[in-house]
Each structure stands twice: as structure tokens, then as C-alpha cells.
Amino acid sequence: MGPPANSGAGNSAAGAALRRSPSPGAMMGGVQASDFPSNFSRVRRVSVSAESLAPSTSSEEFTPPVYPKNSEQIQRLKTAISKNFLFTSLDEEQSSQVLGALNEKPIPAAGTRVITQGDVGDFFYVIERGSFDVYVNPAGSIQPGADGMGNKVATMGPGESFGELALMYNAPRAATIISISPQSILWSLDRVTFRRILMENTSKRRKMFEAFLEEVPLFTSLVPYERSKIADALDTKTFDTGDVIIRRGDIGDNFYLLEDGSADVYLQEGEEPVLSYKKGDYFAASVVASSRVKVAYLGKEGFQRLLGPVAEIMRRNDPRKREKKMMRKEQKKT
Ligand SMILES: Nc1ncnc2c1ncn2[C@@H]1O[C@@H]2COP(=O)(O)O[C@H]2[C@H]1O
């Protein structure tokens, strides 16, 4: 996935691009109908009422819409959201409200434009079936002509979601989304339900990790939006001085990023450390906290799905190799 000249998304960058209010011209993008394939979003673009733009307060009464589903649909929907990090920390009530409010949207044709960059945001989408390309035009909206959609910045598939940025920031859509396979299936969630139930956690996590992830050297090659997706998947654990974070030989299912504090790698308990880690470092094995330590970690699932773009850098700079090398060096000395 090649980073675009200006992806215009992610929190800070999206922030700037997204907090602009859309001009009427930008919203239409000045695009000729013939430039694009059948347009899913244009036919039901809605004006968003002031009420639904108001930030949510959890004390207000709120009844999400309910779209009846048969058991086969519920099963498909549950599978589609099961691996999506935005749904992982919902309680039972929230979960059933969201399941009820998600509405099945078949996208029969490849080349259907689901979201148009620069438009007002109305729905958030989860992909059940099919693939979708993401385009960003650095101008902030699609432009006339063959390259009007800008640069292709990503392709998304089953289990992934999109359309949250405009709803979170009350901002124009930051990208254009086009179906690339026929017979795709999306599930849509209206903006009010998204803001009331899914947004709090998502923006909390993104805000919490945004500044930190920007400083992690491994992630500097990612576009801000890719870092936001990593933030969605991170969890935090705290260790006290002397606690073993990972023991050598443990099956390492997690990828750890040192968020705060410092940690040491030991060859043998009681000996001098052979390597030290500081904020922003990532590690894999035999690590002991040398101060109070906060780590952010990614489970195996997130690791495989989200770190694809930096896999090559990690292979070159595998922390296990680094740790083993230091250990061999130490062993030679003795
Ligand atoms: N690199 C990217 N930049 C901006 N948006 C992206 C990017 N990749 C995926 N997207 C998604 O594309 C969506 C377009 O609509 P939103 O701005 O509401 O939310 C956006 C994100 O969910």
C-alpha cells in the first residue's frame, strides 16, 4: 500500500482536512456523471439535521433503529463484525443495539461508488463480502476528469469498516470508496447510532495512542490513517519495576510497544541486562520492567492484519534477532 502524497486522514491530518466545512462545490465535486460508475451514495445522500450532528450525551434518551433480521443474517453479521476492533469493547446491551441497527446493503455491481470524498457523512459501513478501493484526492474532494478520485491508498475486505471519520469529526468524507467485486455486501449503521454507541471508545483509543504512535520509528512510514487503525487494535497493560513482561520461551502471541518507562532484556536472572528498551521500542522476548512500565500491545490477529505495511521493516529489524544477537555476544564474553 503506497502512501499517497497527502492522505488527508488520520486524526491530526484528518483533523485539519476534516474540520473544514464542505463547500457546496466540494460536495458535488463538480464531477460529470459519466466520469464514474453507478453511484450508490448520490441517490440517497441526505442532509444531516442539526440534531443528529449534536455531540452525544449518554444521559439523553436514545432509541436506535431496529432492522429485523433472520437467524442466517444475524450469523453472517456476527461473523462480519467479529474481527473488527471497533466492536470488541461493547457491553451486551450496546452489542444488541448495534446488531439491531445495522442494515444489510447489497452492492451488486463492481465499480459502485459507496462514499464520495467531500460529501457529508451519513453512514458507517462494515464489509461482509467483497473488496473496496479507497481513493484520496489531496484537493479534499473528487475533481473532474479521469484521475478525479486521486490516489488509491488502500483496499479493504471482509471484516473491515469505513466511513467513521466524517461521523466522528462532523467533517466531509475524507476518501472515495468504490466496490471492486460484484455481489458485495455491506452493513450500514446510521450516524446517530454510530456516535452514541461506537464513537466514544473509538475516539478515546485513537486520541490516546495518536501522539505515541506518531513517535514510534517503526510506524513513521505509515499514513496517519493506518496508525489510527493500529490504535483501534491496541490494548494497554501496566507492569511494576521488576515484573517480567515476557519470559524467554513463552509463546509470544502479542506484539509489545513500550509506551512509558523502560525495560531490560536479561540473559539470566540476576545478571546484568544485555539490552534496554525505551519508549517507542517494540520487543518480543525475555523482557523485565526496569521501572514502572506501560506497554501497548497488539494481539496476534491485529498483528497479522495491521502490520502488513511494516512487515518488511520488522523482518529486517526483528527484535528477536536483535535480542539473540546480544545474547550470543554476552555468551562469548563469558
Ligand atoms: N488513507 C485513508 N484516508 C482517509 N480515509 C480513509 C483512508 N483509508 C480508509 N479510509 C476510510 O474512507 C472513509 C471515507 O469516509 P470517512 O471520511 O467518513 O471515513 C473514511 C475512512 O473510514
Side-chain angles (χ1 to χ4, degrees), residues 1-22 26-27 29 39-42 44-46 48 52-53 81 84-87 105 107 112-127 131-142 149-180 186-195 198-199 202-203 205-206 210 213-214 219 221-233 305-306 308-310:
M1 179 162 31
N6 170 12
S7 80
N11 292 334
S12 40
L18 291 169
R19 277 187 282 274
R20 273 179 301 132
S21 34
M27 294 192 28
N39 185 345
F40 174 81
S41 60
R42 183 159 298 168
R44 53 99 188 95
R45 187 169 53 227
V46 292
V48 178
S52 65
L53 282 171
I81 64 172
N84 190 298
F85 299 105
L86 304 194
F87 295 87
K105 295 274 178 201
I107 310 285
T112 305
R113 196 161 79 218
V114 180
I115 283 183
T116 303
Q117 188 183 2
D119 271 7
V120 168
D122 43 10
F123 290 96
F124 161 76
Y125 298 93
V126 184
I127 305 171
S131 298
F132 294 80
D133 278 344
V134 183
Y135 288 86
V136 174
N137 190 314
S141 62
I142 51 176
M149 292 192 299
N151 310 306
K152 185 165 112 180
V153 297
T155 299
M156 293 183 289
E160 294 187 81
S161 56
F162 55 84
E164 78 290 5
L165 290 177
L167 310 190
M168 283 168 71
Y169 299 108
N170 287 331
R173 292 293 199 187
T176 297
I177 311 273
I178 305 262
S179 66
I180 53 170
L186 292 175
W187 291 86
S188 69
L189 190 72
D190 67 282
R191 69 178 289 135
V192 179
T193 310
F194 175 85
R195 287 178 66 86
L198 283 189
M199 188 174 86
T202 308
S203 55
R205 235 175 244 244
R206 288 190 183 183
E210 176 189 6
L213 291 180
E214 253 174 47
F219 297 145
S221 63
L222 299 180
V223 300
Y225 191 70
E226 289 170 324
R227 287 197 289 267
S228 298
K229 300 304 266 183
I230 292 174
D232 292 341
R305 283 217 333 245
L306 295 163
V310 291

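Numbering of ligands and ligand atoms starts at 1, following listing order. In what follows, every heavy atom counts, from backbone to side chain, and hydrogens, waters and symmetry copies are set aside.
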Note to self: Is the contact between Gln117 and ligand 1 made by the side chain, the backbone, both, or neither, using heavy atoms and a 4.0 Å cut-off?
What the structure shows: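 Contact part for Gln117 vs ligand 1: neither.
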Next item on the list: Report the part of Thr176 in contact with ligand 1, treating N, CA, C, O as backbone and CB onward as side chain, heavy atoms under 4.0 Å; options are side chain, backbone, both, neither.
Entry: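 Neither; no heavy atom under 4.0 Å.
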Checklist line | Residues that Ser179 engages under side chain to side chain donor-acceptor pair (under 3.5 Å), provided they are two or more places apart | finding: none
What are the atoms of ligand 1, with element, lying closer than 4.0 Å to any heavy atom of [X]?
| X | answer |
| --- | --- |
| Val136 | 3 (N) |
| Gly163 | 13 (C), 15 (O), 16 (P), 18 (O), 19 (O), 20 (C), 21 (C), 22 (O) |
| Ala166 | 16 (P), 17 (O), 18 (O) |

Give yes if a backbone or side-chain nitrogen or oxygen of [X] is under 3.5 Å from a nitrogen or oxygen of ligand 1, and no if not.
| X | result |
| --- | --- |
| Val153 | no |
| Val134 | no |
| Ser161 | no |
| Ala174 | yes |

Notebook entry, point to check: Tell me, do Phe219 and Ile230 make a side-chain contact under 4.5 Å, heavy atoms counted?
Noted result: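 Result yes, sub-4.5 Å side-chain heavy-atom pair found.
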Rounded to the nearest 0.5 Å, what's the gap from [atom1] on [X] to [atom2] on [Y]? Could you check?
| X | Y | atom1 | atom2 | value |
| --- | --- | --- | --- | --- |
| Leu198 | Met168 | CG | CE | 10.5 Å |
| Glu160 | Ile127 | CD | CD1 | 6.0 Å |
| Ser141 | Met149 | OG | CE | 13.0 Å |

Check: Is the shortest side-chain N to carboxylate O distance from Asp119 to Arg173 below 4.0 Å?
Finding: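 The answer is no: the pair does not qualify as a salt bridge.
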Note to self: Quick test of your reading of the structure: of Phe162, Phe132, Tyr225, whose heavy atom lies closest to atom 21 (C) of ligand 1?
What the structure shows: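 The nearest heavy atom belongs to Tyr225.
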Checklist line | Residues that Phe162 engages under ring-ring contact (aromatic ring centres under 6.0 Å, His included), provided they are two or more places apart | finding: Tyr125, Phe132
